[in-house]
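Remember, it's 1-based here, ligands and their atoms both numbered in the order they're listed.
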Amino acid sequence: MKVLVTGGAGYIGSHTCVSLSDSGYDVVIVDNLCNSSIGMVKGVEELIGRKLPFYQVDICNENELDAVFEKEQIDAVLHFAALKAVGESLEKPDLYHRNNVGGTEVLLKVMKKFAVDKLVFSSSCTVYGQPEIIPVNEDAPMLPAESPYGQTKQDCEKLISSSGLNSALLRYFNPIGAHPSGRIGELPIGVPNNLIPFLCQAVAGLKDELVVFGDDYPTDDGSCVRDYLHVCDLAEAHVAALEQLPHGIRAYNLGTGSGTSVLGVINAFEESTGESVPFRIGERREGDIVAIWADPSRAEKELGWCASRKVGEALADAWRWQQTL
Ligand code: NAD
Ligand code: WQD
């Protein structure tokens with residue numbers, strides 16, 4: 001089976017290309033490299049021991065995407081390509097809509113043209129906002145999006161739901177870590193927004209300190225709680241989703257099923273790497289959700305997938321990757 005991976009040079013896409021290849025799939029990558037580099041494709045090729053067809057194409061460009069589908073006999077699509085910086089989306093909402101929603105529209109159109117009816121989509125727990133019930137399951141209501149980025153995920157889920165394709169909507173919680181080889185990981189472009197890349201840069205001395213955004217929340221230690229999952233577990237979930245692709249549409253939460261606070265992450269990092277994290281407690285970050293973690297039981301029951309790696313392992317892998325940068 002030949003699988004097209006849009007955004008395959010990116011953080012989650014690259015790890016998924018390795019898992020797909022390990023499971024015997026042929027992989028074709030499309031990425032415009034707007035938030036990645038060709039070095040990531042080389043890293044994937046090194047890990048799998050062979051070259052991959054790579055097309056530097058913007059998915060918004062229908063003619064160029066057509067040409068890829070004409071050249072390759074695509075059986076299914078894993079669609080990661082999107083812009084993902086929440087802060088930037090507030091400054092450039094039109095760009096986010098055009099790229100993420102417009103790009104998905106073009107992709108769906110081209111898939112229809114070439115009679116490809118299998119799609120796995122990268123959605124996000126951001127579609128839930130702050131849920132009333134934690135752990136959150138897939139039947140929780142979608143709250144009004146808190147950012148234009150979050151809006152694009154809701155819009156894409158709707159587009160795909162009405163497309164008639166067989167599709168899994170994968171709602172990721174907080175992916176962290178890197179391939180244990182240290183060969184692929186998350187590329188730091190600009191100042192990282194996310195906790196783990198920032199933490200790693202602080203430990204590496206590239207930032208003075210990590211600021212913990214608030215310790216007066218109604219949680220056990222006062223800092224916010226998230227469901228951090230190893231990117232390799234997440235990559236494997238995509239293979240499971242492809243193998244158990246539903247007829248019609250089905251959403252799946254992908255998380256570990258347990259929450260870790262920001263201070264808990266700092267402790268786990270120190271324990272698993274032996275490095276100390278320079279940090280101070282700062283102000284709350286506007287718009288932060290207090291606590292969320294997944295109920296991943298649907299993915300376990302229907303896809304046969306559950307996260308197997310611990311947070312400490314993911315943090316050690318993230319640190320190994322940081323040291324290669
Ligand atoms: P990433 O930026 O590392 O990867 C996305 C890739 O898509 C990049 O390589 C980028 O160059 C490419 N891309 C963007 N727009 C494109 C376009 N128009 N045409 C072709 N390529 C394009 O991000 P990631 O963390 O790997 O995220 C992958 C997907 O998962 C995204 O859809 C993101 O919204 C979603 N997601 C990420 C997280 C997270 O915390 N990382 C959480 C939930 C959902
Ligand atoms: C995690 C925790 C911060 C940085 C984002 C997106 C969301 C989804 C997942 C894509 C929070 C705290 C962070 C720092 C800190 N992505 N923090 N100091 O907020 O769960 O969500 O990623 O779909 O859409 O918004 O992830 O990594 O930014 O923050 O204390 O310097 O770390 O307050 O509690 P978040 P994050």
Worksheet item: Hey, does Pro175 come in under 3.5 Å of ligand 1, counting only N/O atoms on both sides?
Response: no
Discussion item. Using heavy-atom distances only, which candidate in Asp227, Val262, Val265 approaches atom 12 (C) of ligand 2 most closely?
Written reply: Val262
Discussion item. When you measure from the heavy atoms of Asp58 to every atom of ligand 1, does any distance fall below 4.0 Å?
Written reply: yes
Discussion item. Check this for me - ligand 2, Val211, N or O atoms closer than 3.5 angstrom, yes or no?
Written reply: yes
Worksheet, complete the sentence: Closest heavy-atom approach to atom 4 (C) of ligand 2 among Tyr172, Phe198, Phe213 is made by Phe213
Worksheet item: Of all the atoms in ligand 2, which lie at a distance below 4.0 Å from a heavy atom belonging to Thr126?
Response: 24 (O)
Discussion item. If you measure every N or O of Val86 against every N or O of ligand 2, does any of those distances drop under 3.5 Å?
Written reply: no
Worksheet item: What protein heavy atom sits nearest atom 8 (C) of ligand 1, and how far off is it?
Response: Asp31 OD2, 3.5 Å
Fill in: Short N or O distance, Tyr172 and ligand 1, threshold 3.5 Å exclusive
no
Fill in: Ile12 N/O under 3.5 Å from ligand 1 N/O
yes
Discussion item. Please list, in number order, the atoms of ligand 2 under 4.0 Å from a heavy atom of Val212.
Written reply: 30 (O)
Fill in: Sub-3.5 Å N/O-N/O distance, Ile59 and ligand 1
yes
Worksheet item: What atoms in ligand 2 come closer than 4.0 Å to a heavy atom of Cys224?
Response: 34 (O)
Practice prompt. Taking the six-membered ring for Trp and the full ring for Phe, Tyr or His, determine whether the centres of His238 and Phe80 are under 6.0 Å apart.
Written response: yes
Worksheet entry | ligand 1 to Cys34 polar contact by distance, N or O atoms, under 3.5 Å | yes
Discussion item. Counting only heavy atoms closer than 4.0 Å, does ligand 2 sit against the backbone of Val225, its side chain, both, or neither?
Written reply: neither
Worksheet item: What is the closest protein heavy atom to atom 28 (C) of ligand 1, and at what distance does it sit?
Response: Phe80 O, 3.7 Å
Discussion item. For atom 18 (N) of ligand 1, what's the nearest protein heavy-atom neighbour? Residue, atom name and distance, please.
Written reply: Asn99 OD1, 2.8 Å
Practice prompt. With heavy atoms under 4.0 Å as the rule, classify the contact between Met40 and ligand 1 as side chain, backbone, both or neither.
Written response: neither
Practice prompt. Would you mind finding which of Thr152, Asn174, Ile12 brings a heavy atom closest to atom 9 (C) of ligand 2?
Written response: Asn174
